[in-house]
Amino acid sequence: MKTTVGVKRLSAVIGAMALLLGANAVASVSGPASAAPVAAEHVAPQEAEAAETAGAAQTSTLPADTGITVPGGKNEVAADVLGLGYEQVVRLNESKVEVVEPVSRGSKVLKSFEVGAKQAWPTYGFGLPLFYGGTNMTTKVVGHSATRVAVAGRHIYVSNLLTKTSFDPWGKAVIEADGSTLTRYTATGMFVDQRRLPADFAIISLDGVVWNGEEYLAFGLNKYGVRIVKPAVDGKPDGMPDVQELLTHWKGPDRPGGVVERDQIIEVKFGTDTDGRLLVAMGAVTQEMPALAVHYALSGAELWTKNFRPHQLGWEWPEVVAFGALGAEGRPHVAMGWPTQGRVSFMDAETGQEKGWLDGGVVSVIRFFTDAAGEHRVGIRRGVGMEFTSHVARLDAGGVPAFTENGGAGDLEWMVPGYRPVSLQVENRSRAELSFKTYSGSTRTRGCWYGSELKGAAPAVPKQPVRIAPGANAGPYTSAWRTVGEQCYSSDVGVVYLQLDLPGEPGHRRIVQLQGDKDGVRIKEQVGGDRLSVRVEPRNASVDGLYGARLVVTDTYAAPTVAGTPKLEGARLTPAPAEGRQPTDKVDDPSRPVHRFTVSDVSWTVPGAASGLSEAVLPLPFAEGSVDGQTWHRLGTVASPLAPTRDGDRVTMGQGVFDWQTPPGAANDYRYLRVNAGGAISNVVDLVGLPVPPAADLVQGVSMVADGGARANGLDQAPMRVSLVGSDLRELDATAHAELYQRIYYRDGLTKALITGLGDPADPSQLVMFSLKPGQYANESASASATTSIGAYFSTRSMQPGRQVRAMFKHNAVGPDAFEGSAPLTPITNFLVPSRESSGAAGISIDTCAEGPCAIADPSVAPVLHSLTSTSVSVQFRAIAVHGGASLPLSAPNTPGEVLTVAEDSFEISGSRASLRNPSVLGYNATISGQVISHGERVALENLYV
């Protein structure tokens with residue numbers, strides 16, 4: 001949050017960006033504004049305001065306390081004075097004000113300007129302090145800076161103590177007190193306004209806040225209490241007059257019989273009550289007087305006073321005061337550090353009810369915050385000299401403050417606000433659409449990382465997978481590394497997991513294990529399909545004030561490219577029409593010849609096929625036809641169901657077959673055919689030049705027998721036996737009459753359309769493909785060895801039942817008819833799923849096939865075809881498993897999540913069983929995800945037990 005948004009909240013909404021971190025104001029003992037201190041750039045106030053507003057970063061909706069930090073010590077302020085979306089630390093360094101990045105962001109000095117600051121109190125002869133609190137301020141309140149600094153909104157306020165030199169009657173120079181100044185600067189050091197106090201008044205405490213959109217200052221004096229100041233909203237110089245005077249009866253040295261040290265207001269701090277009304281806490285150096293008073297800042301009404309100090313106990317004062325919310329209801333509390341007691345006391349801000357205290361040393365920083373789970377806590381730094389410690393506390397079940405975490409001197413900046421917000425943006429620089437999902441857990445055993453449960457973050461990390469188009473980005477989403485609570489500490493490492501998928505292609509799943517700590521976000525490990533790889537690049541924190549990471553997803557390997565030139569061979573299957581015969585519109589009229597083509601030598605270079613790539617999608621070649629050999633038209637795609645071969649990264653597809661006939665009424669009667677595979681053009685086949693087969697009077701019929709169905713995926717095959725019947729009604733020997741058997745072609749039993757075997761991108765579900773050799777999923781039985789028939793292997797992507805295939809033989813050239821036999825092509829449409837007993841170690845089986853346990857294709861034997869479409873086919877090169885989503889984030893009893901590492905394993909496949917080769921790397925209590933291929937289909941393995 002920014003300091004321009006509101007006060008540090010003490011109500012149910014408390015805790016955000018600590019807006020009551022600073023700013024100082026001055027009393028009604030004001031005089032006219034004096035000139036700005038030397039070296040502070042003096043520009044018109046309107047110009048100063050404009051310069052600060054230009055380019056101010058806008059933030060997303062983030063958790064309430066995102067971006068808050070803690071000041072390094074006393075008289076330092078944590079506030080987003082530069083409008084960066086997170087708090088910077090405003091501090092004094094010798095005579096200058098510095099605006100620096102918090103420790104958690106590197107402590108870089110962002111702005112520095114001269115203000116004439118002095119740590120030491122002014123002195124006169126022999127080094128003795130001037131009145132300004134005199135003995136008390138220099139000997140009791142050790143180290144209390146003479147210059148005070150505060151922040152309200154986009155302005156920095158500085159108070160300085162002034163002196164003047166006069167001469168005694170003997171001409172000796174005398175150093176005298178000359179009042180105080182309160183100066184208003186922009187965040188970059190441009191002078192805006194100044195107020196000067198009379199000679200005997202010293203500003204010794206200062207705080208600022210933005211409340212209801214307006215800046216307010218409170219400053220405490222060495223006498224006569226506290227003043228509330230409201231600087232001009234428009235930035236015009238107005239001397240910053242008072243709007244309220246408080247504790248003016250605390251006169252200090254001016255009290256009759258008064259003690260110099262008493263009544264000096266050593267601390268002031270703004271806060272709010274549960275109704276959002278502005279409060280101010282005022283702490284005084286005391287002996288036999290209250291040490292702390294809380295009033296309504298604008299009305300001046302007293303709420304309570306506390307800590308009366310009996311004379312015999314000596315002097316006391318609150319050195320650090322802070323407002324914030326504690327407890328389940330988030331009631332506003334006040335915490336104060338007592339240096340002489342080494343104690344932090346907690347009181348209800350509205351009633352003054354004492355809640356308890358925490359002992360252990362002098363306190364230098366108190367910061368209330370709300371952690372990512374919405375719990376109200378307080379961070380404390382304590383110590384003296386070089387010995388400091390950091391602590392986090394909350395109210396226990398009894399409503400008493402209790403420490404929950406402890407750390408070293410430099411840990412508090414990481415312990416507050418209990419998490420480090422991290423924006424995650426996923427950038428898809430691959431050539432495919434991808435989806436991502438994250439997994440995280442906020443406990444120590446699950447990685448100390450907040451994802452979608454991070455309260456108040458928008459956009460939050462999505463719970464469901466998100467798709468990203470190529471070249472597009474998703475996010476940034478706000479997550480967080482947890483540093484407090486549930487045994488998570490700032491010295492630990494947070495862990496979050498990214499799951500990447502190519503939609504519909506589970507074989508490419510990649511699991512990326514990310515770690516986050518004080519040094520940023522990095523990848524510990526990534527496993528799974530090597531199609532994608534991820535790298536981490538930093539996000540510009542100025543975008544939204546968050547640390548962040550760009551998770552850039554790229555292709556590990558280049559896209560497949562065609563290798564070599566495909567080869568096309570053609571043959572005519574039907575005899576020429578008899579001389580003088582008139583054509584008819586019959587499909588088997590001899591005037592409409594049927595041709596068969598075989599496609600071979602279709603090869604692809606697939607980078608990664610020989611190394612880490614799990615699978616690849618390869619485009620199918622197109623058959624093309626031309627009337628004149630110049631203009632070519634696509635006829636359809638050619639797919640081969642035969643197993644491919646691989647030699648290194650070169651993958652060669654099996655031989656493909658397709659038939660062609662000019663159908664009745666076609667616009668073009670193609671004479672020339674060729675194949676185009678990824679731009680590689682085959683030889684051209686001229687149909688006119690193909691040999692014409694003679695009439696075959698020996699053939700008197702065709703018989704066809706089906707031997708089971710095929711899964712409707714285009715690759716699984718229904719084997720059929722086809723026989724030619726001779727004049728003696730006996731089946732002809734397939735070897736002796738091979739030339740005749742080669743002339744058999746096939747038609748759809750209903751429409752009588754030629755089954756070309758070509759895929760139609762416009763009608764992808766209607767592909768019926770055939771081959772004359774058994775493919776990778778041929779499903780053959782013993783009858784395949786018969787000598788009086790040939791095997792024809794049909795596959796389909798259509799789920800239409802009752803489909804018939806006709807085997808045709810055109811025996812002469814005089815009639816429009818042909819011999820035919822038919823058999824059903826039965827699509828199998830049930831789902832293939834792993835059996836309930838499947839596990840990675842014992843083996844995975846699929847029991848939903850008609851033949852019993854389904855055969856699982858082994859990519860170590862040959863590349864495995866699967867997922868055929870009308871334009872492409874997928875080829876699996878290796879079967880691997882990674883951790884399933886149900887196991888993410890990884891966890892194990894009594895084990896920090898950061899020491900666990902994602903892993904992968906490969907499957908050893910034998911027949912109908914796939915088993916992990918080394919399941920122990922995944923952990924036997926874990927789950928796995930992956931895929932195996934059966935009958936040309938992916939069988940997703942999602943969250944099976946190892």
Side-chain angles (χ1 to χ4, degrees), residues 504 586-588 594 596 620 623 634-641 656-661 663-666 702-722 744-772 774-781 791-808 818 820-833 846 848-851 854 865-874 933-939:
K586 301 293 186 181
V587 294
D588 289 307
V594 177
R596 174 160 296 154
L620 297 178
R634 287 184 170 180
L635 308 180
T637 53
V638 183
S640 171
V657 179
F658 70 93
D659 289 354
W660 187 255
Q661 178 189 43
V702 179
S703 69
M704 190 177 194
V705 178
D707 188 15
R711 298 197 61 80
N713 57 42
L715 290 173
D716 197 39
Q717 293 181 314
M720 300 187 186
R721 304 303 299 180
V722 183
I744 299 172
Y745 56 97
Y746 304 94
R747 294 193 181 279
D748 184 279
L750 179 64
T751 66
K752 298 184 179 180
L754 181 71
I755 296 176
T756 65
L758 294 174
D760 181 2
D763 192 8
S765 67
Q766 295 304 310
L767 169 67
V768 176
M769 184 169 61
F770 69 93
S771 66
L772 304 179
Q776 202 163 26
Y777 313 102
N779 301 311
E780 282 191 305
S781 64
Y793 306 89
F794 290 85
S795 54
T796 180
R797 295 186 70 231
S798 172
M799 296 185 181
Q800 176 183 349
R803 196 164 192 169
Q804 293 281 321
V805 173
R806 297 185 183 190
M808 312 297 297
E820 66 177 70
S822 65
L825 177 56
T826 304
I828 301 173
T829 58
N830 67 307
F831 292 107
L832 298 182
V833 294
I846 305 160
T848 48
C849 289
E851 71 272 20
C854 306
L865 297 174
H866 66 94
S867 306
L868 177 71
T869 73
S870 58
T871 57
S872 66
V873 66
S874 295
I933 309 301
S934 179
H935 291 270
E937 292 181 19
R938 304 175 189 271
V939 180

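- Interatomic distance, L868 CG to L715 CG, rounded to the nearest 0.5 Å: 4.5 Å.
- Across all non-hydrogen atoms, the minimal contact from R596 to Y745 is NH2-CA, 3.6 Å.
- The two residues S795 and D716 come nearest to each other via the heavy atoms CB-O, 3.0 Å.
- Within the 3.5 Å criterion, the main-chain N or O of A753 finds no donor-acceptor partner in the side chain of D748.
- In this structure the side chain of I755 never reaches within 4.5 angstrom of the side chain of D659, judged on heavy atoms.
- No donor-acceptor pair closer than 3.5 Å links the side chain of N779 to the backbone N or O of A710.
- Between the CD atom in E937 and the CZ atom in F831 there is a gap of 9.5 Å [rounded to 0.5 Å].
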CA sep, side-chain torsions, deciding dist, call: I828, N830, side chain to side chain contact (heavy atoms under 4.5 Å, CB included): CA-CA 6 Å; I828 301 173; N830 67 307; 3.1 Å; yes

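- Residue T796 forms a side-chain contact (heavy atoms from CB on, under 4.5 Å) with just one option from T826, L825, V805, N713, and that option is L825.
- A donor-acceptor pair under 3.5 Å is formed between the side chain of Q776 and the backbone N or O of L865.
- Atom CZ of R711 sits about 14.5 Å away from atom CD of Q717, to the nearest 0.5 Å.
- Taking 4.5 Å as the limit, some side-chain heavy atom of I933 sits within range of a side-chain heavy atom of R938.
- By the 4.5 Å heavy-atom criterion applied to side chains, M808 and V594 are not counted as neighbours.
- For the residue pair L832 and C849, the shortest heavy atom distance occurs at CD2-SG, 3.8 Å.
- Expressed to the nearest 0.5 Å, how far CG of L758 lies from CE of M769 amounts to 10.5 Å.
- A distance of 13.0 Å separates CD of E820 from CD1 of I744, quoted to the nearest 0.5 Å.
- Here OG1 of T871 is found 6.5 Å from CG of L620. Values are rounded to the nearest 0.5 Å.
- When all heavy atoms are compared, the tightest approach of F658 to A623 is CZ-CB, 3.7 Å.
- Closest heavy-atom contact between S798 and P827: O-CB, 3.5 Å.
- Residues R747 and L754 come closest through the heavy atom pair NH1-N, 3.3 Å.
- The aromatic rings of F770 and Y746 are tilted relative to each other, their planes meeting at an angle between 30° and 60°.
- Proximity of a side-chain donor or acceptor of R797 to a complementary backbone N or O of G759 within less than 3.5 Å is not detected.
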